[in-house]
Peer 1: 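Just dropping this structure here.
In what follows, every chain begins at residue 1, and chains take the letters A, B, ... in the order their sequences are listed. Since the structure is predicted, the reported quantities are computational estimates derived from the model, not experimental observations.
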Amino acid sequence: MALNITVEFLGGLDVTFNKQRVWQLSVPIPQDKGQVTMEDLINYIVNTMIADKNSVGDFVEDGTVRPGILTLINDTDWELEGEGAYVLEKGDVISFTSTLHGG
Amino acid sequence: MSYTPPTDPTNKQPVKLSQLCEICHSRKAIIRRPKNLQKICKLCFYHVFETEIHNTIVSTKLFYPGETVAVGASGGKDSTVLAYIMKLLNERHHYGINIVLLSVDEGIVGYRDDSLATVKRNQKQYNLPLEIVSYKELYNWTMDEIVEIVGIRNSCTYCGVLRRQALDRGANKLGIKHVVTGHNADDMAETVLMNILRGDVARLEKSTAILTESNGSPIKRSKPFKYMYQKEIVLYAHYKKLDYFSTECTYAPEAFRGTAREYMKNLEAIRPSCIIDIIHSGENLVLKPKQAKKKTTVKKSTANKNKIQNENTEDNKQVFVDGNRCERCGYLSSNKICKACILLEGLEMNRPKVNVSNAHEDSEDGAAKNLRTLERLHF
């Protein structure tokens, strides 16, 4: 079983992800839990999508998304959706936008 | 490079009562404002964001009708939102100003050429005139050439000094006397923090001014985004699908500024209001008048001769106050020769022997070079 969602890396964060902004992901759903949370998604991204392990720090810090990166769940700030505890639904759009990159 | 807008979410969930916007009480709240932790919906966010900037502009009397204003446009998020908002508010509230986009081409391949392409797209999207001034035509140097000589470590120092002048000169060329920049609350708090950490009290006082004007300088600078959080600017650009450029400059930021920025972001995560609080502190810190201090030092020097000499030098100093001009380029400068000319002179001396000096630097700066590499790895 897998969950199909859209994940976006914006505001310059795409550099860490092979310069690809929009990703269609099939995140495996663990059988014992039967659901995928934002925390699971972040772990999944860190473990499978960052080729250069040195740049993991560009995305996460202390087990959560690095301060300065905006996380939106269907365009809503994840602070209002329970952050890591949010249970993902099929078709969700998750975006990570860096505010740290200059311009 | 073209622009890919963010994807629109399609999942619509029924809205719970506790999720409603705290302003209109009718739509789902999508953000929590860092300033006051208010939960608001997208439309109320647009309204609040735009109105706050309008209020800042009106309460500080930033513009007068008929004024021509240049927006310092880099193609980045802040200046893109600034250009959009300036045009919007000018039309909505009838400021009666003419807006021109002004860009500086530092000559950094793989960074500025891409971001200038964004500015050119913005020019068409917003239908505003655009003027580009380049370091090459102004100083006969590109940043790439300068970095080759001075090293990555010093790049920000040179670039900063040269860009300030470049914007002024660009505005001058167009006969514009007012440049607005996209500096936001985060930038300002970061600068206050850095000035405190460096003990740079003289700059501390000036750093929070929304409008900077020097005597004798025909061009004033202002920051309409002074009170706007970086987070809200990015969200605004995201929801409005504004086309902005976001790649870090090839020459990594100053290590000190980078650390200060990271520190601020960590503070913000714990206490979101801290950014506006730091600005408030900066605004209210005022230096004691300096004169009293000078007199005591003069009194301490026992000999009368010293006293006379001191007075003489003080008199001399007064000649070089604000409004003085650089002897070489005529640009406003508190010294005989402005900082840009001093930096450029140093560069010119190095130009013919680029290879020699590079080899020399390598052998001499062994330790420093390692440090540099480590710093880069860390960020």
Peer 1: Salt bridge between Glu81(A) and Lys39(B), side-chain N to carboxylate O under 4.0 Å?
Peer 2: no

Peer 1: Mind listing the closest non-hydrogen atom pair of Leu72(A) and Tyr239(B) along with its distance?
Peer 2: CD2-OH, 4.0 Å

Peer 1: Are Pro6(B) and Leu10(A) side-chain neighbours, meaning at least one heavy-atom pair lies under 4.5 Å?
Peer 2: yes

Peer 1: Report, by ascending residue number, the residues of residues 24-34 of chain B in heavy-atom contact with chain A at a distance under 4.5 Å; give 'none' if the set is empty.
Peer 2: Lys28(B), Ala29(B), Ile30(B), Ile31(B), Arg32(B)

Peer 1: Tell me, side chain or backbone of Glu89(A) under 4.5 Å from chain B's heavy atoms, or both, or neither?
Peer 2: both

Peer 1: Any heavy-atom pair between the side chains of Asn266(B) and Glu61(A) that's under 4.5 Å?
Peer 2: yes

Peer 1: Could you tell me which residues satisfy salt bridge (Lys or Arg N to Asp or Glu O under 4.0 Å) with Asp14(A), sequence neighbours excluded, listed by chain and number?
Peer 2: none

Peer 1: More than 12 non-hydrogen atoms from neighbouring residues, nucleotides or ligands closer than 6.0 Å to NZ on Lys241(B), yes or no?
Peer 2: yes

Peer 1: With a sphere of 6.0 Å drawn around CG of Asn47(A), does it hold more than 12 non-hydrogen atoms of other residues, nucleotides or ligands?
Peer 2: yes

Peer 1: What part of Thr7(B) lies closer than 4.5 angstrom to a heavy atom of chain A: side chain, backbone, both or neither?
Peer 2: both

Peer 1: Which distance, rounded to the nearest 0.5 Å, do you find between the OG1 of Thr99(A) and the NZ of Lys77(B)?
Peer 2: 6.0 Å

Peer 1: Out of Asp75(A), Leu70(A), Thr97(A), which one racks up the most heavy-atom pairs below 4.5 Å with chain B?
Peer 2: Asp75(A)

Peer 1: With chain B, which of Val93(A), Ile94(A), Leu80(A), Asp77(A) has the greatest number of heavy-atom pairs at distances under 4.5 Å?
Peer 2: Leu80(A)

Peer 1: What part of Gln19(B) gets closer than 4.5 Å to chain A, counting heavy atoms only: side chain, backbone, both or neither?
Peer 2: side chain

Peer 1: Any non-hydrogen side-chain atom of His238(B) less than 4.5 Å from a side-chain atom of Ser95(A)?
Peer 2: yes

Peer 1: Show the nearest heavy-atom pair for residues Gly68(A) and Lys265(B), with the distance to one decimal.
Peer 2: CA-CD, 3.6 Å

